[in-house]
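Okay, structure first, notes after.
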Amino acid sequence: MSSVVSKIREPLITGHKSYHDITEDLVSPTEKVPGPSWVIAFIVSVSVLAFGLFCIAWTIWHGIGTWNLNRTIGWGWDITNFVWWIGIGHAGTLISAILLLFRQKWRTGVNRAAEAMTIFAVICAALFPGIHVGRAWVVFYFFPYPNTRGPLWPNFDSPLLWDLFAISTYFTVSLLFWYTGLVPDFATVRDRAKGFRKKIYNTLSFGWTGSAKHWQRWESLSLILAGIATPLVLSVHTIVSFDFATSVIPGWHTTIFPPYFVAGAIFSGFAMVLTLMIITRKVLNLQDYITIEHIESMNKVILVTGTIVGVAYLTELFIAWYSQYPYEQFAFFNRALGPYWWSYFGMMFCNVVTPQFFWVKKFRRNVALTFFLSIIVNIGMWFERFVIIATTLARDYLPSSWSFYVPTWVEIGIFLGTMGLFFTFYLIFVRVAPVVAIAEVKSILKSSGDQYLGPNAIHHEHSGHDKVIMDPIHSDEISDEHHGHGDAPSDTPGSPADIGTEQAVKTGKDVKGETKVSNTYVPSSRKEGSEKDDLKKIEGIGPKIEEVLNNSAIMTYIDLVNTDVGRLNAILENAGSNFRQHDPSTWSAQAKLAAEGRWEELKKWQDELDGGKTKK
Amino acid sequence: MEKENTITEYNFTGTSRLVLLIGMGLGVVCMILSFFLDGGVEHHARFWSNFLHNSVFFTGIALMATFFIAVCITAWAGWYTIFKRVWEAFSQFLIVGFILMLIIGIGIYLHWHHLYHWADQTILNPENEEVYDAILHGKSAFLNTTWYVIIGGLIVLVWVFFAYKLRALSLDEDQNGGDANFSHHRSMRWYAAAFLPIAGFSSAAMIWLWIMSVDSHWYSTLFAWYTGASWFVSMIALTILVLVYLKNRGYFANVSAEHFHDLGKFMFAFSIFWTYLWFSQYMLIWYANVGEETTYFKQRIDHYPVLFYGNLIINFIVPFFVLMRNDTKRKYGTLVFVSIVLLLGHWWDFFLMLKPGILHTAHEAAGMTGEHGGFTPGFTIPGLLEIGTMLGFLSLFLFVAFSVLSRSSLVAKNDPFLEESLHHHV
Amino acid sequence: MSYRNRSIVYGLYNDEEVLLDAVKVANEKHLKIMDVFTPFPIHGLDPLLGLEESRLHIGGFVYGSLGTLTAFLGMTWIFVQDWPQIYGGKPHWSVPAFIPITFELTVLFAAIGMVVTFYIINGLGPGVVNPYIDPRITDDKFCIAFDVHEVNQVDAEAFLSETGAAEINAKTL
């Protein structure tokens with residue numbers, strides 16, 4: 001992780017948080033008594049889940065005949081829902097793993113919840129193959145094991161069996177990944193808890209101590225798990241797509257299915273993450289951690305994956321024509337203009353057209369619109385699976401077998417039940433565990449907190465050899481003591497920071513050996529407007545340039561420190577062609593030394609400089 | 001400040017020019033020889049297939065460089081900034097690529113070659129009962145010279161425009177950038193974002209036209225993405241080689257093991273991604289066992305086994321086992337070795353995509369039916385003339401890239417991500 | 001790696017960069033640090049503490065290879081030897097069809113193996129109660145701890161106060 005952060009980036013943590021604030025904000029939801037909105041949501045979820053369980057019981061008791069499947073359409077809502085849920089289950093591992101490898105820091109705000117979502121979604125998905133086989137009580141026949149029925153093994157050549165392996169592996173690895181990330185955060189909860197609660201969280205936290213060696217291994221483990229989870233997440237939906245693509249059914253047998261299913265899964269997964277996170281951040285007051293910046297980034301992913309899916313739809317459509325294979329051509333004709341035409345157009349509209357709104361920055365940063373569109377995308381992705389499954393099966397090679405399918409109340413009930421299951425799990429999760437990864441957010445605070453980055457930043461880094469200044473983190477308690485710039489008891493403008501250091505050492509507070517000048521420092525004398533430093537002491541500034549700078553209200557070293565190179569360039573640019581050749585890149589760093597009265601260091605550095613420019 | 005020891009101007013020396021000119025000369029000689037030593041295949045198929053193969057390969061590398069710059073800009077990536085000029089230089093080869101592909105296109109009009117079976121007008125006429133090909137007739141709304149030359153040419157020109165524009169903005173940023181609004185970067189983001197979907201759609205169309213239509217009956221929806229992945233790995237491999245070379249010459253002192261590590265990761269990851277696509281395409285066709293589709297692989301496994309299995313070994317096994325470790329991505333020795341292997345390996349992959357179909361077409365045009373086993377120079381495996389031609393094209397590519405590189409500063413000094421890139425740590 | 005029953009003197013710092021500088025000073029003074037406890041992983045700390053690079057990835061490779069072999073050889077034995085059947089005209093030993101499960105088991109074995117190894121070598125697990133030093137270490141304090149049997153307690157305390165520790169304490173774990 002680079003410690004230098006470009007000023008072009010937006011902060012990812014707002015509200016000038018200290019480390020303690022982060023702990024407080026993120027742990028407190030697990031410590032409070034749930035509010036009425038949570039209770040109502042929970043009751044609704046559990047009720048819907050109960051109805052779903054009733055429908056499952058009904059199915060098992062009466063048999064699959066309670067569904068409207070028939071000989072032609074053997075897969076309907078069950079497999080549609082299965083694929084839909086599996087797709088949703090992709091965002092969590094994707095955010096954690098792929099974005100970790102790509103070093104996208106915004107993932108830290110949403111990865112925990114997204115991983116939880118993954119696990120719950122996979123549970124919902126796994127339900128469907130379990131019950132659609134009919135005799136759910138012998139579902140363990142799926143698994144290969146040396147058994148008492150003679151050498152009877154499952155068919156390892158069957159994609160359906162591959163799917164079993166893929167989903168079990170995915171579930172296990174996601175769970176391990178998620179839980180390993182949670183362990184240090186459970187320790188944080190533990191260390192704030194008392195009594196029985198403390199015991200529970202100690203068990204959950206596995207006795208985590210925060211030792212350096214443990215952290216080192218923890219990071220190594222996370223990285224390798226991310227590394228192997230990345231191909232894993234690709235493989236899972238790939239194998240789901242094999243369920244269809246290995247067949248010889250027109251519209252199913254197409255080689256683009258694997259990557260196209262993966263892109264679709266990421267697409268729907270991100271949509272579901274957005275739906276959930278927009279509610280969560282509102283209800284739990286996490287707007288400082290899940291910022292508009294996060295939402296915008298996810299909307300970009302939605303736009304990209306939506307467009308990839310669009311490319312895949314059109315590729316399929318085009319190649320169906322290009323193949324000159326009449327059955328393939330008919331399959332697509334049937335999708336667009338057959339009895340289920342509405343689902344095809346629903347899919348095209350929701351998945352390809354609506355995400356295009358996100359080309360506009362204003363829309364990407366609009367929470368209400370994002371929430372609405374995220375639901376639209378989820379509906380669209382459900383349509384996609386329905387189009388692939390039911391529409392294709394309804395018109396097979398034999399026109400005499402053509403059929404039509406609508407779900408029964410039982411099938412709809414089971415689908416609703418999985419929704420209930422999903423939200424019940426999620427609601428329990430937000431009460432039990434920190435929704436945002438505490439340790440990971442803390443570790444990006446100094447590179448992405450808004451006190452360091454963006455328009456509200458208190459401090460800026462000035463040059464390559466100046467490290468980031470750290471005290472804004474403790475701004476509540478400390479800054480007034482040793483960086484109380486407005487009212488610093490300083491009559492010598494050159495040395496305020498030195499005084500700060502002395503104080504800091506005395507009070508045992510955190511200040512490193514070297515001194516710093518802050519951007520917001522305004523010496524008291526400056527307020528009267530009389531102060532003026534000799535800017536000519538900065539190498540590269542002559543009397544003429546000094547005049548130009550003074551005209552631009554840059555009078556003191558401190559002013560110069562606070563002016564960024566871009567503005568200096570602009571000032572020189574405007575002053576005329578004679579000034580354009582000057583390179584002000586080191587001036588603010590030089591001025592900083594001057595302001596701090598470190599003349600010897602400045603002298604030494606100036607000797608190395610070539611007319612204020614770094615040597616080539 | 002780390003910029004201190006960096007040379008910011010690339011000097012394209014006379015020696016380098018001479019070496020590359022000799023390389024190009026070698027290429028020309030090999031091409032002339034292959035024009036005449038066609039191994040008994042009609043229509044100078046050996047010459048023209050080599051021409052197509054290398055043009056497509058190197059144009060694709062330039063396209064991928066443009067595409068990846070656009071990806072990095074839209075993803076707010078910072079690490080690559082110090083060497084982005086190299087990719088900008090690669091991207092300018094698209095102009096040459098346009099000319100090369102235009103020559104092939106004109107060749108179709110003027111019947112210089114017979115690379116594409118669909119270009120034969122006689123088989124599209126239902127009255128010619130004996131040779132009439134209903135499938136190709138059905139496809140002729142797409143597989144025709146207008147699409148190939150006019151629309152294809154326009155598409156490549158659009159790519160050229162974006163490659164030019166992204167570089168021009170970047171160069172302008174050097175001079176006039178650095179303002180507080182990052183206005184250059186903003187407009188770069190606009191062009192980059194616009195280019196992504198355009199490249200996504202149009203590259204697929206061009207891949208179908210240029211490459212997939214060589215096997216004119218065969219089709220695979222995955223093919224365009226598979227080819228794109230192959231181009232991408234080649235582009236990263238060539239980037240590593242060029243950067244290592246330039247670093248040895250004293251340029252890019254700031255490009256550290258950290259940057260190579262990341263390039264190595266991309267090369268590793270996309271080699272695996274390529275394998276994933278290879279497997280998906282192969283396995284699905286193998287599994288479903290539909291004759292129209294399996295013929296593609298059957299032809300290659302039966303008559304080109306060295307190419308077919310070699311392709312997988314070179315492009316998957318080698319990078320997988322060498323680059324799996326972290327330190328091999330940070331050492332020049334291993335990294336350069338794998339880059340060379342992969343650059344050749346993906347060139348080999350394109351050879352395998354194109355040559356069997358072209359030979360088949362040539363045989364059919366000569367009135368020979370059925371498959372012909374046995375050894376055909378320049379087709380069964382790449383011969384010396386093929387390798388010479390490739391070196392010629394590589395020299396041309398590098399000549400263009402280095403000339404472009406020498407015309408601007410090596411460091412994008414006002415890029416807002418430059419500092420991040422200088423302090424990049426994996 | 002339990003620190004039970006060890007007598008320590010420790011300092012709590014408010015900031016990880018101060019802690020990093022302090023560790024550098026400790027290295028210069030050859031003070032042997034027992035351990036450092038932090039609320040989140042600190043970059044650049046491991047080399048200062050002289051921690052060797054984790055070898056977990058080697059474990060991952062071994063477990064993964066075991067998974068590869070189990071899956072591929074297992075399926076080969078079952079479909080070629082134990083229960084040869086013909087499905088869809090495929091040969092008994094149909095390698096392309098074995099790839100997906102082989103891949104999945106590779107990942108599964110690697111992940112489970114590494115995670116279990118991780119908890120075992122760290123001495124962590126459900127029900128483990130490690131002695132802990134200060135509850136704020138998982139919140140916003142950064143702790144350097146010395147074992148009083150390894151360093152002179154007075155030196156250690158002086159060091160901690162010089163390098164800016166906000167609190168200095170001693171206890172037996």
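By convention in this document, chain letters (A, B, ...) are assigned in the order of the sequence lines, proteins followed by strands, and residues within each chain are numbered from 1.
Residue B/Tyr226 does not touch chain A at all, counting heavy-atom pairs closer than 4.5 Å. For A/Ile308, the parts sitting under 4.5 Å from any heavy atom of chain B are the backbone and the side chain alike. For A/Ser247, the part sitting under 4.5 Å from any heavy atom of chain B is the backbone (N, CA, C, O) and nothing else. Residue B/Leu196: no heavy atom, backbone or side chain, is found under 4.5 Å from chain A. Contacts between B/Trp218 and chain A at a heavy-atom distance below 4.5 Å involve the backbone alone (N, CA, C, O). Proximity to chain A (any heavy atom under 4.5 Å) is restricted, for B/Phe182, to the side chain, taken from C-beta onward.
When all heavy atoms are compared, the tightest approach of A/Ala312 to B/Trp225 is CB-CH2, 4.1 Å. The shortest non-hydrogen separation linking B/Leu284 to A/His253 is O-CE1, 3.3 Å. In terms of heavy-atom proximity, A/Trp359 sits nearest to B/Ala194 at CZ3-N, 4.3 Å. Minimum heavy-atom separation, A/Thr315 to B/Thr221: CG2-O, 3.6 Å. Closest non-hydrogen pair, A/Pro259 versus B/Leu222, comes out as CG-CD1, 3.3 Å.
Side-chain contact between B/Leu136 and A/Gln324 is absent, with no heavy-atom pair separated by less than 4.5 Å. No side-chain heavy atom of B/Tyr287 sits less than 4.5 Å from a side-chain heavy atom of A/Phe242. By the 4.5 Å heavy-atom criterion applied to side chains, B/Phe279 and A/Pro258 are not counted as neighbours.
The OG1 atom of A/Thr246 sits 13.0 Å away from the CD1 atom of B/Ile285 when rounded to the nearest 0.5 Å. Here the NZ-CZ distance, from A/Lys361 to B/Arg189, works out to 6.0 Å after rounding to the nearest 0.5 Å. Between atom CG of residue A/Leu234 and atom OH of residue B/Tyr276 there is a gap of 5.0 Å, rounded to the nearest 0.5 Å.
Heavy-atom neighbours of B/Phe297 CZ from other residues, nucleotides or ligands within 6.0 Å: above the threshold of 12. The environment of B/Tyr132 atom OH is dense: over 12 non-hydrogen atoms of other residues, nucleotides or ligands sit within 6.0 angstrom.
Of the residues considered (A/Phe318, A/Phe257, A/Tyr325), A/Phe318 shows the highest number of contacts with chain B, using heavy-atom pairs under 4.5 Å. Across A/Thr307, A/Val304, A/Val248, A/Thr238, the residue that shares the most heavy-atom pairs under 4.5 angstrom with chain B is A/Thr238.
Side chain to side chain, B/Ser220 and A/Thr255 meet the donor-acceptor criterion of an N or O pair below 3.5 Å.
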Report all side-chain donor-acceptor pairs from residues 70-81 of chain B shorter than 3.5 Å, counting only partners two or more places apart or in another chain.
unit_1  : atom_1 : unit_2  : atom_2 : d
B/Thr74 : OG1    : B/Ala70 : O      : 2.6
B/Thr74 : OG1    : B/Val71 : O      : 3.1
B/Thr81 : OG1    : B/Gly78 : O      : 2.7

Assess the residue pair A/Tyr322 and B/Leu143 against the criterion (side-chain contact (heavy atoms from CB on, under 4.5 Å)); give the C-alpha distance rounded to whole Å, side-chain angles, the decisive distance to 0.1 Å, and a yes or no.
CA-CA 9 Å; A/Tyr322 177 88; B/Leu143 295 185; 3.7 Å; yes

